[in-house]
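Just so it is clear, the model here is predicted, and its values are computed rather than measured.
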Amino acid sequence: MKKKLTKKTKKAICIYVAALLILYVVIEILPRVTDVFETTQILEPGNIKLSYETTGYFIKDESIGIASESGDIDYLVEEGTAIKRGHTLVAVEKDKKSSDKTPRFGEYTERLKGYDGLYKEYSAPISGVFSLTIDGYENYLKPDMMNKIQKDTVKKLSFNNADLERKSVIKGEPIYKVTWDDYWYILCWVDKETAETYSEGKSVVLELPEGDVNAEVYSIKKEENGKDYKVIFYLNVFYEALAESRAEKINIVTSDNEGLIIDNKCIIEKNGYKGVYVVDKNGDYNFTRIKVIAYDDKHSAIEDVTFYDEDGYQVYTVDVYDEVLKNPKGALEKDLKEEAKEKKEESKEE
């Protein structure tokens with residue numbers, strides 16, 4: 001036999017359900033509709049940064065040292081040290097007992113077959129940064145190959161660094177790497193819209209995992225599929241993780257502009273001019289022309305105080321902490337009606 005709920009229990013359940021509904025409205029719905037009740041916006045300084053996220057492939061000139069004999073190894077330079085060509089990097093004490101062992105790092109040396117950047121000397125073949133990691137693609141992701149690199153090919157590669165540091169080596173094994181750091185490149189693919197914001201020689205900022213760096217657009221090439229654009233950046237700056245980096249997530253900052261930040265919906269056009277409706281001390285709305293510096297899908301950065309228009313005239317515009325209408329359509333319609341009325345009256349007087 002089913003037990004009936006008492007009135008007290010039913011009341012408690014109703015209160016509980018009502019509390020949950022109120023909590024849901026407060027958390028989920030209220031933040032979405034609050035903006036409806038905000039009729040104005042206060043202009044404050046800020047910046048709008050436009051960037052594009054993609055995978056960047058580090059293109060570098062690199063030389064790899066190969067053990068010319070088996071034995072115990074002594075590293076004479078700390079990893080990450082900038083060295084000059086000819087500087088002694090390692091010393092190997094020959095050990096005949098190890099000569100018959102099979103060299104390690106076969107996966108990497110197989111990819112490096114035919115690479116002209118392999119050296120059996122224990123002194124630096126080039127100037128650059130000393131490191132103890134390789135990925136086996138030093139022969140592919142290099143400057144004289146970058147125009148031939150295909151997106152579909154490079155996306156399938158697995159970039160795993162091998163740690164070369166150890167107590168003993170076997171003849172034929174890679175034992176160090178030197179990365180030329182005077183200049184290097186980053187290659188990536190972007191969409192058409194982003195590519196159209198670039199031009200060869202343009203300066204941009206690249207946001208990399210170890211910090212921001214300045215770069216220059218070296219080349220832009222439309223791919224055969226018509227969707228992707230291969231962009232190569234030239235860099236001649238210090239980057240701490242250069243030797244170890246190969247494929248990294250990067251942000252390409254195309255512009256970073258400061259100004260007064262305004263919601264795009266506040267901006268309206270009147271008589272061919274972009275502007276906003278500023279609320280004065282009396283609560284009246286006055287159309288004020290603006291100049292947009294930069295914008296994204298939600299906000300714009302605009303000039304403050306004054307700007308010069310296309311005809312070279314100085315225009316007085318909005319200032320910091322001005323209050324502007326968020327929904328200016330009604331004010332515009334009222335303005336246009338009053339102007340039309342004034343013109344009609346003037347024509348009658350004539």
Tell me, yes or no, whether the heavy-atom count around K202 atom NZ, taken from other residues, nucleotides or ligands under 6.0 Å, exceeds 12. yes
Single-linkage hydrophobic cluster, 4.5 Å side-chain cutoff, V204 and I48 together: no
Does the side chain of I170 reach to within under 4.5 Å of the side chain of R104, using non-hydrogen atoms? yes
Taken to the nearest 0.5 Å, the spacing of N264 CG from S300 OG works out to 3.5 Å
From S63 OG over to W180 CH2, what is the distance, rounded to the nearest 0.5 angstrom? 10.0 Å
Quick one: does any side-chain atom of D309 pair with a main-chain N or O of D311 as donor and acceptor, under 3.5 Å? yes
Inspect the surroundings of CZ in R166 and state if more than 12 heavy atoms from other residues, nucleotides or ligands are less than 6.0 Å away. yes
So with a 6.0 Å cut-off around CZ of F159, is the heavy-atom count from everything else above 12? yes
Applying side-chain contact (heavy atoms from CB on, under 4.5 Å) between I175 and each of I134, V169, L164, report the one that passes. V169
How far does NZ of K291 sit from CG of L260, to the nearest 0.5 angstrom? 14.0 Å
Taking D191 for the side chain and T194 for the main chain, is one N or O donor matched with an acceptor at less than 3.5 Å? yes
Hey, are the side chains of L112 and E138 touching, using non-hydrogen atoms and a 4.5 Å cut-off? yes
Kindly compute the distance separating NZ (K249) from CD (E53), expressed to the nearest 0.5 Å. 6.0 Å
Could you please spell out the steps behind the side chain to side chain donor-acceptor pair (under 3.5 Å) verdict for D335 and Y277? CA-CA 10 Å; D335 248 6; Y277 276 91; 2.8 Å; yes
Polar side-chain atom of K177 near backbone of A243 as donor-acceptor pair, under 3.5 Å: yes
Please determine whether the number of non-hydrogen atoms from other residues, nucleotides or ligands lying under 6.0 Å from atom CD of E193 exceeds 12. no
Under 3.5 Å, side chain of T317 to main-chain N/O of R289, donor-acceptor pair present? yes
Is it true that E107 and R111 have a side-chain N and a carboxylate O under 4.0 angstrom from each other? yes
Whether the side chain of T179 engages the backbone of E62 through a donor-acceptor N/O pair (distance < 3.5 Å, no angle test) should be reported. no
Between atom CD of E79 and atom CD of E244, what is the distance when rounded to the nearest 0.5 Å? 5.5 Å
side-chain contact (heavy atoms from CB on, under 4.5 Å) test vs E69 passes for just one of K120, K94, E93, namely K94
Atom pair CD/CD1 of E207 and I252 - distance to nearest 0.5 Å: 10.5 Å
L141 and L206: same hydrophobic cluster, using ILVMFWY side-chain contacts below 4.5 Å? no
Is there a donor-acceptor pair under 3.5 Å between the side chain of S70 and the backbone N or O of D95? no
Examine distances only and state if a side-chain atom of Q41 and a backbone atom of D263 form a donor-acceptor pair shorter than 3.5 Å. yes
Side-chain heavy atoms nearer than 4.5 Å, only ILVMFWY residues, links allowed to pass through others: does that put L208 and I59 together? no
More than 12 heavy atoms of other residues, nucleotides or ligands under 6.0 Å from CD of E258: is that the case? no
L332 vs F287 side-chain heavy atoms within contact, under 4.5 Å: no
Can you find a pair of side-chain heavy atoms, one from T54 and one from I250, that are under 4.5 Å apart? yes
So, are K151 and E223 salt-bridged, with charged N and O less than 4.0 Å apart? no
Counting neighbours of OH on Y239 that are heavy atoms of other residues, nucleotides or ligands and sit closer than 6.0 Å, is the number greater than 12? yes
Is it the case that the side chain of W189 and the backbone of T55 share a donor-acceptor pair, with hydrogens and angles ignored and the cut-off at 3.5 Å? no
Does F58 reach the side chain of L242, with side-chain heavy atoms less than 4.5 Å apart? yes
Is any side-chain heavy atom of T197 closer than 4.5 Å to a side-chain heavy atom of L50? no
Donor-acceptor pair, K84 side chain versus A124 backbone, under 3.5 Å? no
When you measure from the side chain of Y122 to the backbone N and O of S68, does any donor-acceptor pair fall under 3.5 Å? yes
With side chains defined as the heavy atoms from C-beta onward, is the minimum distance between V205 and N214 less than 4.5 Å? yes
Inspect the surroundings of CD in E224 and state if more than 12 heavy atoms from other residues, nucleotides or ligands are less than 6.0 Å away. no
Neighbour count above 12 (heavy atom, 6.0 Å) for E240 CD: no
Does some side-chain heavy atom of D319 sit less than 4.5 Å from a side-chain heavy atom of V305? yes
